[in-house]
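Please read the structure below before turning to the comments.
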Amino acid sequence: MRKLVKQRSTKRGQPPGTLHHVGEIRPDGAGVTVFDYDEGSCSERTVEGPEACRALRDSPTVSWINVDGLHDVERVRGLGEAFGLHPLVMEDIVNTDQRPKLEEFEGYLYLAAKMLRWDRDQDELTIEQVSLVLGPKFVLSFQERPGDVFGPIRDRLRSAKGRIRRMGPDYLAYALLDAIVDGYFDVLEHLGDRIEHLEERLLSRPEPGVLHQLHRLKREALFIRKSVWPLREVVSGLQRTESELIGGPIEPYLRDLHDHTVQVIDTTETLRDLLGGMLETYLSSVSNRMNEVMKVLTIIATIFIPLTFIAGVYGMNFKDMPELGWHWAYPAVWLLMLLVAAGMVIYFRRRRWL
Amino acid sequence: MRKLVKQRSTKRGQPPGTLHHVGEIRPDGAGVTVFDYDEGSCSERTVEGPEACRALRDSPTVSWINVDGLHDVERVRGLGEAFGLHPLVMEDIVNTDQRPKLEEFEGYLYLAAKMLRWDRDQDELTIEQVSLVLGPKFVLSFQERPGDVFGPIRDRLRSAKGRIRRMGPDYLAYALLDAIVDGYFDVLEHLGDRIEHLEERLLSRPEPGVLHQLHRLKREALFIRKSVWPLREVVSGLQRTESELIGGPIEPYLRDLHDHTVQVIDTTETLRDLLGGMLETYLSSVSNRMNEVMKVLTIIATIFIPLTFIAGVYGMNFKDMPELGWHWAYPAVWLLMLLVAAGMVIYFRRRRWL
Amino acid sequence: MRKLVKQRSTKRGQPPGTLHHVGEIRPDGAGVTVFDYDEGSCSERTVEGPEACRALRDSPTVSWINVDGLHDVERVRGLGEAFGLHPLVMEDIVNTDQRPKLEEFEGYLYLAAKMLRWDRDQDELTIEQVSLVLGPKFVLSFQERPGDVFGPIRDRLRSAKGRIRRMGPDYLAYALLDAIVDGYFDVLEHLGDRIEHLEERLLSRPEPGVLHQLHRLKREALFIRKSVWPLREVVSGLQRTESELIGGPIEPYLRDLHDHTVQVIDTTETLRDLLGGMLETYLSSVSNRMNEVMKVLTIIATIFIPLTFIAGVYGMNFKDMPELGWHWAYPAVWLLMLLVAAGMVIYFRRRRWL
Amino acid sequence: MRKLVKQRSTKRGQPPGTLHHVGEIRPDGAGVTVFDYDEGSCSERTVEGPEACRALRDSPTVSWINVDGLHDVERVRGLGEAFGLHPLVMEDIVNTDQRPKLEEFEGYLYLAAKMLRWDRDQDELTIEQVSLVLGPKFVLSFQERPGDVFGPIRDRLRSAKGRIRRMGPDYLAYALLDAIVDGYFDVLEHLGDRIEHLEERLLSRPEPGVLHQLHRLKREALFIRKSVWPLREVVSGLQRTESELIGGPIEPYLRDLHDHTVQVIDTTETLRDLLGGMLETYLSSVSNRMNEVMKVLTIIATIFIPLTFIAGVYGMNFKDMPELGWHWAYPAVWLLMLLVAAGMVIYFRRRRWL
Amino acid sequence: MRKLVKQRSTKRGQPPGTLHHVGEIRPDGAGVTVFDYDEGSCSERTVEGPEACRALRDSPTVSWINVDGLHDVERVRGLGEAFGLHPLVMEDIVNTDQRPKLEEFEGYLYLAAKMLRWDRDQDELTIEQVSLVLGPKFVLSFQERPGDVFGPIRDRLRSAKGRIRRMGPDYLAYALLDAIVDGYFDVLEHLGDRIEHLEERLLSRPEPGVLHQLHRLKREALFIRKSVWPLREVVSGLQRTESELIGGPIEPYLRDLHDHTVQVIDTTETLRDLLGGMLETYLSSVSNRMNEVMKVLTIIATIFIPLTFIAGVYGMNFKDMPELGWHWAYPAVWLLMLLVAAGMVIYFRRRRWL
């Protein structure tokens with residue numbers, strides 16, 4: 001289960017700008033991949049040292065340098081220094097407990113966002129931090145581990161589908177953010193299905209397991225919310241910025257992205273409202289059922305208790321109990337007991353207790 | 001039952017501006033109808049290809065082109081290209097999971113809204129997305145399927161009733177929005193009646209069925225709310241816009257429309273407040289009733305248990321039980337038991353338990 | 001009981017500006033009364049047609065024309081046209097499901113407010129819509145039915161008490177609004193008394209009837225709130241307006257009126273808070289009492305059940321039960337039973353269950 | 001107990017500016033006391049008529065005129081007219097159901113605040129309205145009754161302690177407000193102690209009496225809140241005002257006062273949060289205890305019921321019951337019953353019910 | 001346990017600017033330590049009188065004067081007068097019940113913040129007030145008692161690690177605040193661990209002890225919240241200030257600090273949300289378990305009650321009870337009882353009560 005608060009304590013006391021990785025170490029398959037493209041061509045390769053990247057910085061083509069694996073702090077530092085990033089930016093990149101944000105620096109923009117995916121194997125929400133650095137002719141992206149939602153963008157770059165090869169690095173950064181937000185819709189769709197499924201179970205057969213499910217879904221929704229709300233500010237910031245790194249033609253795309261983000265927030269809040277209401281409904285439903293059971297059981301007991309009393313009376317051993325000698329006494333007692341039972345049933349029905 | 005989150009997953013990874021229909025496919029009776037009018041005349045017809053519409057774009061008369069059925073993506077694309085719409089606008093039109101919004105483009109305004117109706121056959125709220133495009137001499141409207149709340153507007157166009165034929169396309173767009181908001185009042189009226197009906201049942205006879213009803217009504221109110229709040233921003237946007245597509249004479253009408261929207265929001269929130277309070281009242285009411293039942297039953301049991309004990313005592317088989325031989329013992333035990341029972345009843349009454 | 005949402009459906013589809021009465025028809029005693037006054041004189045009469053009013057519009061004296069009864073749409077139309085009101089204003093006047101608002105038009109201001117009174121016969125809150133039109137030398141007021149909170153203003157006009165006859169129509173409009181807000185204090189006073197009365201009952205004897213009362217009071221408070229919040233905006237609007245219809249000398253009076261409105265809002269919210277807390281207290285109180293009852297009853301049962309078991313044991317018919325033959329067995333069993341009972345009572349007391 | 005809504009009904013219908021006392025009449029010891037001071041001297045006396053005060057208005061020394069008792073409307077009117085107060089100000093002074101506020105008039109400022117004290121005899125919160133009028137060389141203060149939190153200020157005036165005698169009337173007004181806010185800390189301290197005391201009782205022994213206490217403390221906190229929130233606006237208003245009655249040197253003092261007010265608000269909200277949480281904890285605690293009791297009792301009953309059944313079986317009088325004749329039958333039945341009881345106890349323990 | 005409201009009553013009535021210590025007296029190890037450094041050198045010593053500090057005020061090196069122990073009011077006064085602090089600032093320094101705030105004065109800035117630590121011995125949150133005074137060449141820090149989170153800063157000063165020795169006093173003040181905020185992450189990490197631990201216990205074995213834990217954690221979260229929210233305003237104030245004491249190069253560091261503060265707020269609110277949800281889950285979980293127990297027990301009782309009745313019937317002593325003489329009657333009754341019991345079990349299973 002995800003930790004509520006990531007461990008930062010080893011970081012404490014370091015001077016600001018010290019690179020210290022905060023988060024899980026996920027060592028498998030870390031590496032740096034580069035897409036270098038313009039309208040006419042697109043090359044794709046894997047690089048090792050930061051020196052190879054330095055040349056890309058000033059080349060006239062657009063370069064997308066993607067880094068998987070943040071625990072290798074030295075690689076981030078090498079790359080960061082090659083592209084002239086501020087030490088605090090590098091610190092933020094390797095600290096995966098970062099709030100989504102946008103910061104403008106001389107010559108580049110820094111963006112942090114959360115990439116959400118539903119891990120279908122673990123049936124669990126996966127949250128990964130993605131940092132983007134947008135420069136005049138390059139985009140750097142930093143992810144915690146390999147595997148992301150950017151596959152379709154790579155395909156579009158390779159096949160020159162859509163306008164992505166004709167546009168600058170700002171469009172690429174937009175496309176990456178858009179892919180991340182599209183991923184949110186996926187997660188919400190999955191969450192919505194889970195909620196609907198749970199809702200049906202809850203109305204048809206309210207069981208204790210439902211409660212655990214509800215608790216987990218509420219927690220997931222809380223984490224989604226925490227990722228999405230600050231993202232809206234990031235996108236608004238991109239729309240409002242006067243930086244010349246963001247070109248005019250990209251404006252309607254950012255507006256569209258903003259709409260999508262608001263849509264995600266709206267849906268998250270609606271799902272949270274529904275989850276809140278479901279707990280109430282579940283509790284009422286359980287308590288209704290339980291009350292029904294207890295009522296019926298209590299009524300059964302209540303009917304038999306007076307009958308047992310009557311039987312007890314005629315089980316007494318007094319010498320002088322004239323009824324005991326009467327011939328019709330036994331059937332008469334049965335009759336009496338039937339009358340008492342019937343009277344109680346009728347009374348309970350009249351008062352609508354049965 | 002409406003899906004909480006519409007399925008978008010097939011859309012994922014497409015470049016922005018790709019037309020991809022999101023929503024249910026409702027194929028019956030799709031088509032394009034055109035009203036072409038000025039103060040003196042009004043023609044009404046059905047067209048097929050987008051070429052027929054291209055001529056309407058620049059004609060001096062006001063043209064209202066209404067499209068039913070959004071799953072036919074090609075038709076929307078043809079029409080959109082004929083009227084020079086931005087690819088993102090076309091994408092929004094066919095994506096029925098859109099938040100109400102207003103966007104200004106060079107030469108036209110784009111509006112999305114939700115049309116609500118109470119489907120009296122299914123006894124269910126129906127939500128349909130309506131997109132409006134307002135140009136200098138035309139209004140395009142896109143609906144998910146035939147059947148809408150615009151009938152009275154068509155009648156007014158045909159009969160030249162009111163000022164609609166004398167005004168421009170901005171008035172027509174206003175009239176369409178006004179008809180949508182009037183539809184909200186209908187839905188709220190119906191919802192209010194349902195709530196009042198439920199309230200009466202709840203106070204007179206609180207049954208479990210009430211709970212399901214409450215849960216459903218809360219859900220409906222949540223969806224209405226989600227449709228109405230952003231609509232207010234749309235109308236405010238229309239009031240504040242500096243676009244020359246919105247003329248001065250229409251201003252008091254927009255103010256009126258804004259009032260109606262706020263009124264709808266107010267009423268929705270009031271209904272939601274009442275629904276919230278009803279759950280509490282219902283639960284208290286149920287628990288009161290149940291407590292009453294349990295109390296009475298427990299009191300009956302409590303009275304008989306000591307009596308049964310007394311009978312049990314004199315059912316013991318000890319040799320030396322002098323009472324058993326006494327002549328008046330049996331009636332005396334009856335008397336004792338009556339006294340015990342009466343004493344308990346009096347005690348319970350005194351403490352107001354009965 | 002008041003309808004939650006007033007029926008508007010018959011109005012649907014009418015072009016905007018169509019006069020259509022929404023609300024209950026209250027036919028008794030409709031009519032138009034006129035006060036025509038200046039510092040020196042004051043005449044009071046009843047008029048019939050709108051023609052009689054047209055002359056008042058331009059006379060140098062201040063005229064207050066009060067209309068009772070809105071279902072007579074024609075009378076409102078006649079008067080509106082005589083004073084040059086916009087069709088949307090006339091539509092708002094006859095639509096009693098209006099939110100309090102202030103609108104500025106060329107040559108006059110339009111105000112809508114809610115007049116609250118506690119109907120002591122029905123023991124129910126009465127909400128009536130009042131519309132005011134403030135012009136250069138006249139005030140029009142429209143009410144749903146005869147009977148209002150303006151009696152003292154009429155007396156002050158007749159007797160020239162206070163400064164009302166020396167001031168213009170803006171002061172008259174202020175005085176009318178002030179009388180309406182004073183009426184709110186009356187209603188809140190009554191509501192506060194009811195709440196205090198209920199609070200006492202609730203702490204001394206929590207009965208189910210209290211719940212219905214609480215539900216009703218919450219509903220009333222909700223309606224008061226809905227009437228008062230927008231009124232504050234109306235008064236703020238009057239304070240901020242640059243219209244020359246509102247003179248400088250009236251400013252401290254409007255500030256005072258604003259304070260009163262805020263005071264009403266404050267009190268309403270406090271009462272709502274208290275009502276919310278009372279439900280909690282009531283439920284806890286009921287559940288405490290019920291738990292006490294059930295605990296005592298269960299303890300009684302729990303004490304007797306083992307005793308009954310002992311009696312049952314010695315009621316068995318085995319041949320070889322040596323105790324049955326012992327001489328002191330019967331009193332010994334009694335002693336045993338007393339000891340068991342006493343032991344249980346002591347145990348329960350120790351654990352503070354009794 | 002304080003009335004929720006003070007009775008204003010006798011005031012209804014009076015023209016604005018009419019002086020009408022709203023609130024309890026507290027006749028004991030009403031009177032007017034005057035402090036007249038400058039850096040060098042300070043005289044203190046009691047005056048009767050307003051004429052004596054008129055001279056003080058224009059004297060070069062600073063005059064503090066304190067009025068105890070507001071029911072004597074004539075005295076307030078006399079004083080108000082002597083100092084040229086607006087009729088609406090005089091109306092507000094005698095209306096003790098006033099919201100704290102600041103109003104600027106030509107030549108003076110009017111402030112209303114609530115003075116809170118914890119009446120240790122009645123163990124109850126006392127709320128008293130204090131009005132201040134700040135003029136160029138005078139401060140008027142109006143209280144509902146003798147006895148206030150201004151004692152230390154009088155001492156500082158008499159002994160020339162601190163800077164109070166060297167500063168102007170604005171500093172005096174600040175000092176009075178500061179004393180009022182200091183009084184809030186006293187009340188909050190007392191309330192905090194009460195809450196802590198209650199918290200301990202609640203965790204150690206949750207009794208029904210706790211509920212009444214909680215209800216009362218919540219009500220007190222609600223009244224404190226209602227007094228404090230608007231006071232912040234008053235102090236902010238003093239900080240922002242451009243009136244020349246508030247001198248520059250007083251600025252850091254007002255900032256300090258503002259901090260204190262925010263601190264009071266913060267503490268009030270924290271206490272309210274804690275009180276809200278305590279109700280939940282109390283209810284859970286009570287319900288836990290009750291459940292424990294019921295569970296143990298039910299378990300006792302459940303163990304004995306099957307045993308009683310076994311005894312009942314061998315109490316039957318059938319002729320042919322072979323077991324009855326067996327020699328070891330009676331001890332065997334005892335053994336059976338012990339086994340059944342032990343089995344049930346073990347089962348309950350395994351399932352952690354005991 | 002921390003007091004909810006610190007005792008201020010002894011302070012009441014003092015003129016503003018009077019130094020009066022509010023808070024616990026913690027006398028151990030009070031003292032003043034000085035760091036005096038520039039890029040090339042760093043001296044560290046302990047001083048006694050304020051005279052020694054006066055020289056540091058105007059020296060060209062940066063001086064950090066740290067005071068431990070606020071109950072020694074005279075020392076604070078001496079130091080404050082040496083550095084020309086306003087009396088109200090000195091009053092705020094010794095009043096440990098201060099809200100975090102930033103105030104600008106001529107020549108220096110005053111900051112108050114709360115230093116949080118988790119006392120692992122007492123397993124309790126410790127809140128200590130830290131005041132900072134930032135001047136042109138000095139920083140004063142005031143703490144309630146020895147022991148703080150500034151150890152790493154002292155190390156960095158001694159070893160010239162990072163840029164701290166190259167920067168001015170504004171960077172030092174930033175570093176101190178940053179260390180305080182880093183301490184919050186520590187506390188939140190600990191709190192998060194506690195919450196997760198509790199969550200596990202709550203789902204696996206809901207016991208009453210959990211409730212006390214929850215109540216305590218909620219209280220701690222409330223205190224953290226109260227410390228953090230105003231700190232954000234302090235940091236924003238530092239970012240917005242136009243004071244020349246805050247240099248340009250420090251801007252990205254303040255932005256980073258602001259991000260951390262927002263992150264702390266976010267995490268606090270998330271933890272509070274989770275704690276709120278846990279109470280609900282706990283209560284439902286407890287009530288589920290209890291209901292299960294009661295249901296099973298009641299079912300056992302309900303099955304045996306009719307059987308006991310049957311046994312009671314054949315324990316009656318009537319002369320004429322033909323069944324008693326039948327040969328197979330006894331086994332037949334056993335069969336009857338088994339059938340009744342089996343029938344009830346089947347019925348309960350069918351209705352899913354078992």
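In what follows, every chain begins at residue 1, and chains take the letters A, B, ... in the order their sequences are listed.
Separating the CD1 atom in A/Ile305 from the CD1 atom in B/Ile305 is a distance of 5.0 Å, to the nearest 0.5 Å. Distance check: A/Asp266 CG to B/Lys226 NZ gives 6.0 Å after rounding to the nearest 0.5 Å. Distance check, rounded to the nearest 0.5 Å: CD of B/Gln98 to CG of A/Asp259 gives 6.5 Å.
Within the 4.5 angstrom heavy-atom criterion, only side-chain atoms of A/Tyr171, from C-beta onward, approach chain B. When heavy atoms are compared at a cutoff of 4.5 Å, A/Ile299 approaches chain B by way of both its backbone and its side chain. Only the backbone of B/Trp326 comes within less than 4.5 Å of a heavy atom of chain A; no side-chain atom from C-beta onward does. Looking at A/Phe150, there are no atoms closer than 4.5 Å to chain B (heavy atoms on both sides), in backbone or side chain.
Note: B/Val296 leads B/Val313, B/Ile310, B/Val296, B/Leu214 in heavy-atom pairs under 4.5 Å with chain A. Across A/Lys295, A/Glu269, A/Arg352, the residue that shares the most heavy-atom pairs under 4.5 angstrom with chain B is A/Arg352. Counting heavy-atom pairs closer than 4.5 Å to chain A, the top residue among B/Thr308, B/Val89, B/Leu297, B/Leu307 is B/Leu297. Contacts with chain A were tallied for B/Glu323, B/Met316, B/His327; B/His327 has the most, counting heavy-atom pairs under 4.5 Å. For the options B/Asn317, B/Ile303, B/Leu222, B/Val293, heavy-atom pairs under 4.5 Å to chain A are most numerous at B/Val293.
When side chains are defined from C-beta on, B/Lys101 does not count as touching A/His258, because their heavy atoms never get closer than 4.5 Å. The side-chain heavy atoms of B/Met337 and A/Phe309, taken from C-beta on, include a pair separated by under 4.5 Å.
Classification of the A/Tyr253-B/His86 ring pair by plane angle, with boundaries at 30° and 60°, yields perpendicular. Using bins of under 30°, 30° to 60° and over 60° for the plane-to-plane angle, the ring pair B/Tyr330/A/Tyr314 lands in the tilted bin.
A/Lys319 and B/Gly325 get closest at one heavy-atom pair: CG-CA, 3.9 Å.
Counting heavy atoms of neighbouring residues, nucleotides and ligands inside a 6.0 Å radius, atom CD of A/Glu251 does not exceed 12 of them. The neighbour count for B/Arg272 CZ, taken as heavy atoms of other residues, nucleotides or ligands under 6.0 Å away, is above 12.
Remark: A/Arg255 is positioned above the aromatic ring of B/Phe105, its terminal NZ or CZ atom under 6.0 angstrom from the ring centre and at most 45 degrees off the axis.
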Practice task
Take B/Lys218 and A/Asp273 through the side-chain contact (heavy atoms from CB on, under 4.5 Å) test and state the conclusion after the steps.
Solution key: CA-CA 10 Å; B/Lys218 280 177 99 169; A/Asp273 268 20; over 6 Å; no

Exercise for the section: With side-chain contact (heavy atoms from CB on, under 4.5 Å) as the test, would you mind laying out the steps for B/Arg99 and A/His260 before giving the verdict? Expected result: CA-CA 9 Å; B/Arg99 208 170 167 259; A/His260 289 177; over 6 Å; no

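No donor-acceptor pair under 3.5 Å is formed between the side chain of A/Asp256 and the backbone N or O of B/Leu88. Using a distance-only test at 3.5 Å, with no hydrogens or angles considered, a donor-acceptor pair links the side chain of A/Gln263 to the main chain of B/Asp97.
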